[in-house]
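What you see below is based on every heavy atom in this structure, not just the backbone, and it leaves out hydrogens, waters and symmetry mates. Here is the naming used below: chain letters follow the sequence lines, and residue numbers restart at 1 for every chain.
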Amino acid sequence: MEYNFRDIEQKWQAYWKNNNTYKTEIDPAKPKYYVLDMFPYPSGAGLHVGHPLGYIASDIFSRYKRLQGFNVLHPMGYDAYGLPAEQYAIQTGQHPAVTTKINIARYREQLEKIGFCYDWDREIRTCEPDYYHWTQWAFVQMFNHYFNTKLQKAQPISGLVKAFETVGTEGIQASCTEELNFTSTEWKAKSEKDQQEILLNYRIAYLADLKVNWCPALGTVLANDEVSEGLSVRGGHPVEQRVMRQWSLRVSAYAQRLLDGLSTIDWTESLTETQKNWIGRSEGAELRFDIKGQDFNFEVFTTRADTIYGVTFMVLAPESELVKQVTTPEQASEVEAYLDATKKRTERERLADRRVTGVFSGSYAINPVSGTEIPIWISDYVLAGYGTGAIMAVPAHDNRDYAFAKHFNLPIIPLIEGCDVSEESLDAKEGIMMNSGFLNGLTVKEAIAKAKEYIAEKQLGRVKVNFRLRDAIFSRQRYWGEPFPVYYKEGMPYMLDESKLPLELPEIDKFLPTEKGEPPLGRAKNWETQDHFPLELCTMPGFAGSSAYYLRYMDPKNDKALVSPEANQYWRNVDLYIGGTEHATGHLVYSRFWNKFLFDLGIICEDEPFKKLINQGMIQGRSNFVYRIKDTNTFVSLNLKDKYETTQLHVDVNIVSNDILDTEKFKNWLPDYANAEFILEDGKYICGWAVEKMSKSMYNVVNPDDIVEKYGADTLRLYEMFLGPLEQSKPWDTNGIDGVHRFLKRLWSLFYKDGNLLVSDETPTADELKILHKTIKKITFDIENFSYNTSVSAFMICVNELFTLKCSKRGILEPLSILLAPFAPHVAEELFYVLGNEGTVCDAIFPVCNEEYLKESAIKYPISFNGKVRFMLELPADMSKEDVEKAALANELTIKQLDGNSPKKVIVVPGKIVNIVL
RNA sequence: GCCCGGAUGGUGGAAUGGUAGACACGAAGGACUUAAAAUCCUUUGGCUUCACGGCUGUGCGGGUUCAAGUCCCGCUUCGGGUACCA
């Protein structure tokens, strides 16, 4: 009987479905384990072979944990809202809900073919009302809470209102957009509208006028992580800065907790680093500068308080509100012109062209420490959104200030002994201070500390921590997203009552903005409350639905709550999360924020959502090339191409095998090539190759369905793991897949020969047991360490050795089939079944290594001289160190090597090696 | 610029400081076959030797060590992230 993977895989996939093998329920008798994949966006292109890499890895771990007796939660769903479906809808008129449904069906079909152990009863789709009900609900909670900076947690906004009523802003410790000051009397005197406006300054979900990334091509604003180098991450369209009234989430309030939490979770170092940089904590001082001849002052943030004596000018961001106040009448027209010019420049232009630009405001500030007068300039190299939007410039020790000073011919005062600032600034925090009054003679490090102390003591400012992390802009002027549960009364936003949730996405006639330029929801009929208050026209961004989806899997059908306390307390949080690094500063920040917020509310019991996180590498494409001789339809094989003048052309990798082109398929591939002729080498056409991004245009996309069709799901699973370390990026190269398939056939041949079952009940020999237990040990270790490529090797070695011994004994093959089940579940099920077992291999018990079987009676010692191995010497395993040394020295080959000399030293590592130093 | 991660045969890759190249692909040779496929066996880092063997070898240059792909220092180079963040 042949290894008929098609029948086997069909049979067991049907069995799993019919027997609910992967249905998961709360079971207090068992320890839980939650394994999660980053759920996919169901694109129209379907899955390519890169997608399953992480899914296979998590599937192996899920199955392994189950075999070890854990109650494993391993769900899958779809991140179903998003731009591509809507762009497609604009082009074709096809409703995004329809295309999304089709795409999901395709994904599901592809995923099922690979044999994952997902509990499909828990599937979620972010675009379904019973799911986004809870996205909207969470938003309402964020609106109703503020962040208490003293408690470092979210608190009901009602508490803040109470405080305003009794003491005003006195002693308020709340994260806010801007510092406000008013008394309780003032608060009470305000209109409802004004009070609401003030509360927006504190709410965790708030509406505010913000400088945002506006993408005209997509017709929407984007969050910081959705923009890279002035272009939208999706589509690569230019992005410009605009001030718009937008919903935002006060993620920045959680900056410190997001940072602290990183040390409590087991993520890769590179990922925690990326998040740390994104959060960007910097410790420094906020320093107050008076303005000459005026009765107001302003503050700057600096991490280099030690350089206060080197400040030769100040710079304000063009958007800073101070600009108006400091501009003198004489400079007004020049400043005006500059502001106009900068406004016209897009973010991209500013980044591409780093010319030094700026204008003098006409005013002078007073150095609070030295008392000197320093000019105040305006320049776009200072960002309005960071710190106070104003800086003190120290050209000698900051390269940006240096460039500015050189350009406008401003003084440069060096502050470090022996430094040369004639060509460039000295930015490093090292050296001994000079020209710095009370700081002279100190090291930079000491000076920073002393200066901060001084500033605090003299009340010139205060010690301050700044974060780079910004609030997340939460409005999108698009259709295909969650509607906000928001209506407007006198222009102020109010939340819908929870009983009105979910607020369902309405139908519209066209997926485009209205003639008035409103978002697409402006087209919806009766888009208002029962009392005729208008509803919000924006929808939520992509990360809204993905921020708490892992919680919903715990209790996906609950219509009373996001997750019940029982389900949450049992499943707690994700034990193992596998996905790509591209979410490092987006989803993985927002999810942690969202989780912490719900934790503050007592809805969930864990402060961090993902305990352990592994990033699978990207699967790159491996493109193949053919070489057409110029002006002909003749193609020349790779190693002969240099003899001709050729053009390199991409060829579909699916008609190439082991870099050999199927010339007949090539002729049928594209009409142009129907009459192609070939110059072959050794009767074959060899293609060139290169590693490129996997994309349609490179003709290097490989569909997992094709691999499953040709080799079976088990081969695909094993091969994807065999390709290399999980976390490493690697090209998809089908060249090695035959070896993995051969392995399965060889395994099969231990069970069957010529259609007869070979399995016997004979007692296994010591050698056979050693092979088995060596493999158990290795596989267990490798799974725990996610070293799946070496596991596959270990299986191959095991089967090769059993094959050599012609071992078909049940006592070996049965544990082996269980061991293999996480990796190749279909064939494992079948083999487990033919061995006479009932039910599924999923309910078996993972074999445990018995060290007794691994004991060796003899060890082959490599005998090395000065570290170079010269020969092997077999000695009893229990021989003492001294006896090993004696035996090694007494050996005639040693005597020959020594050549009459006596060794200087002999190193014996018992069980390992002998090194003789000459 | 800054922060991470790499660099090992023709290819993918393996190697708790202890025999570098496991396992696999590819290639070469052979068996079976009318033939092909499939399967099985042998060889396969480089140089050298009839052979035993020897020399050399993990991007480059140093160092630590009885022993270095592995640890340390200094480079080269390729990926990834991030950036007027004061």
Taking only side-chain N and O atoms of [X], does any of them lie within less than 4.0 angstrom of OP1 or OP2 on [N]?
X: A:Lys868; N: B:rU56; answer: yes
X: A:Asn615; N: B:rG80; answer: no
X: A:Thr790; N: B:rC23; answer: no
X: A:Lys905; N: B:rC66; answer: yes
X: A:Lys745; N: B:rU39; answer: yes
X: A:Tyr381; N: B:rA86; answer: no
X: A:Arg622; N: B:rG12; answer: no
X: A:Asn789; N: B:rA14; answer: yes
X: A:Arg870; N: B:rU19; answer: no

Roughly how many Å apart are [M] and [N], using the [atom1] atom of each and rounding to a whole number?
N: B:rA35; M: B:rU48; atom1: P; value: 38 Å
N: B:rA27; M: B:rU34; atom1: P; value: 25 Å
N: B:rG80; M: B:rC71; atom1: C1'; value: 26 Å
N: B:rU58; M: B:rA37; atom1: P; value: 39 Å
N: B:rG54; M: B:rG6; atom1: C1'; value: 35 Å
N: B:rC23; M: B:rU77; atom1: P; value: 37 Å
N: B:rG18; M: B:rC25; atom1: P; value: 28 Å
N: B:rC47; M: B:rG10; atom1: P; value: 10 Å

Calculate the interatomic distance between [X] atom [atom1] and [N] atom [atom2]; express it in whole Å.
X: A:Asn915; N: B:rA68; atom1: CG; atom2: P; result: 9 Å
X: A:Met618; N: B:rC78; atom1: CE; atom2: C1'; result: 15 Å
X: A:Lys464; N: B:rA86; atom1: NZ; atom2: C1'; result: 14 Å
X: A:Phe803; N: B:rA24; atom1: CZ; atom2: P; result: 12 Å
X: A:Phe5; N: B:rA38; atom1: CZ; atom2: P; result: 14 Å
X: A:Trp748; N: B:rU39; atom1: CH2; atom2: P; result: 16 Å
X: A:Glu727; N: B:rG6; atom1: CD; atom2: P; result: 10 Å

Among A:His397, A:Lys445, A:Arg304, find the one that has a side chain to side chain contact (heavy atoms under 4.5 Å, CB included) with A:Lys429. A:Arg304
Check the angle between the aromatic planes of A:Tyr3 and A:Trp748 and answer parallel, tilted or perpendicular using the 30° and 60° thresholds. tilted
Could you label the plane-to-plane angle of the A:Tyr386 and A:Phe301 rings as parallel, tilted or perpendicular, counting under 30° as parallel and over 60° as perpendicular? perpendicular
Look at the side chain of [X] and decide which nucleotide, out of [options], has an atom nearest to it.
X: A:Pro725; options: B:rU82, B:rG13, B:rG18; answer: B:rG13
X: A:Arg468; options: B:rA67, B:rA83, B:rC41; answer: B:rA83
X: A:Ser793; options: B:rC23, B:rA86, B:rG18; answer: B:rC23
X: A:Arg746; options: B:rA14, B:rC23, B:rC40; answer: B:rC40
X: A:Met796; options: B:rC23, B:rA67, B:rC3; answer: B:rC23
X: A:Asp738; options: B:rG13, B:rG26, B:rU16; answer: B:rG26
X: A:Val909; options: B:rU19, B:rG18, B:rU11; answer: B:rG18
X: A:Thr303; options: B:rG13, B:rC66, B:rA86; answer: B:rA86
X: A:Ser270; options: B:rC4, B:rG26, B:rG18; answer: B:rC4
X: A:Trp278; options: B:rA83, B:rA86, B:rG18; answer: B:rA83

Looking for any heavy atom pair under 4.0 Å, which part of the strands does [X] touch: base, sugar-phosphate only, or nothing?
X: A:Lys904; value: nothing
X: A:Met392; value: nothing
X: A:Leu723; value: sugar-phosphate
X: A:Ile907; value: base
X: A:Pro731; value: nothing
X: A:Ser749; value: nothing
X: A:Phe781; value: nothing
X: A:Gln728; value: sugar-phosphate

Between the base of B:rC25 and the side chain of A:Asn735, is there a donor-acceptor distance below 3.5 Å? no
Is the base of B:rG9 syn or anti, if syn means a glycosidic angle within 90° of 0? syn
Scan every strand shown for a Watson-Crick or G-U wobble partner of [N], both distances under 3.5 Å, and answer none if you come up empty.
N: B:rA7; value: B:rU76
N: B:rU19; value: none
N: B:rG1; value: B:rU82
N: B:rA67; value: none
N: B:rA27; value: B:rU43
N: B:rU58; value: none

Is it possible for you to check whether A:Lys777 lies under 6.0 Å from the centre of the six-membered ring of A:Phe781, through NZ or CZ, and within 45° of that ring's axis? no
Basic-acidic side-chain contact under 4.0 Å: A:Lys745, A:Glu2: no
Check A:Lys774 with A:Glu801, please: is the shortest side-chain N to carboxylate O separation under 4.0 Å? yes
Compute the ring centroids of [X] and [Y], then answer whether they are less than 6.0 Å apart.
X: A:Phe313; Y: A:Phe404; answer: yes
X: A:Tyr711; Y: A:Phe5; answer: no
X: A:Tyr719; Y: A:Trp732; answer: yes

Could you pick out which residue, A:Val792 or A:Ile913, lies toward the 5' side of RNA chain B when each is mapped onto its nearest nucleotide? A:Ile913
Using heavy atoms to find the nearest nucleotide of RNA chain B for A:Asn399 and A:Ser729 separately, return the residue whose nucleotide is more 5′. A:Asn399
Short side-chain to backbone donor-acceptor contact, A:Ser787 and A:Ile783, under 3.5 Å: no
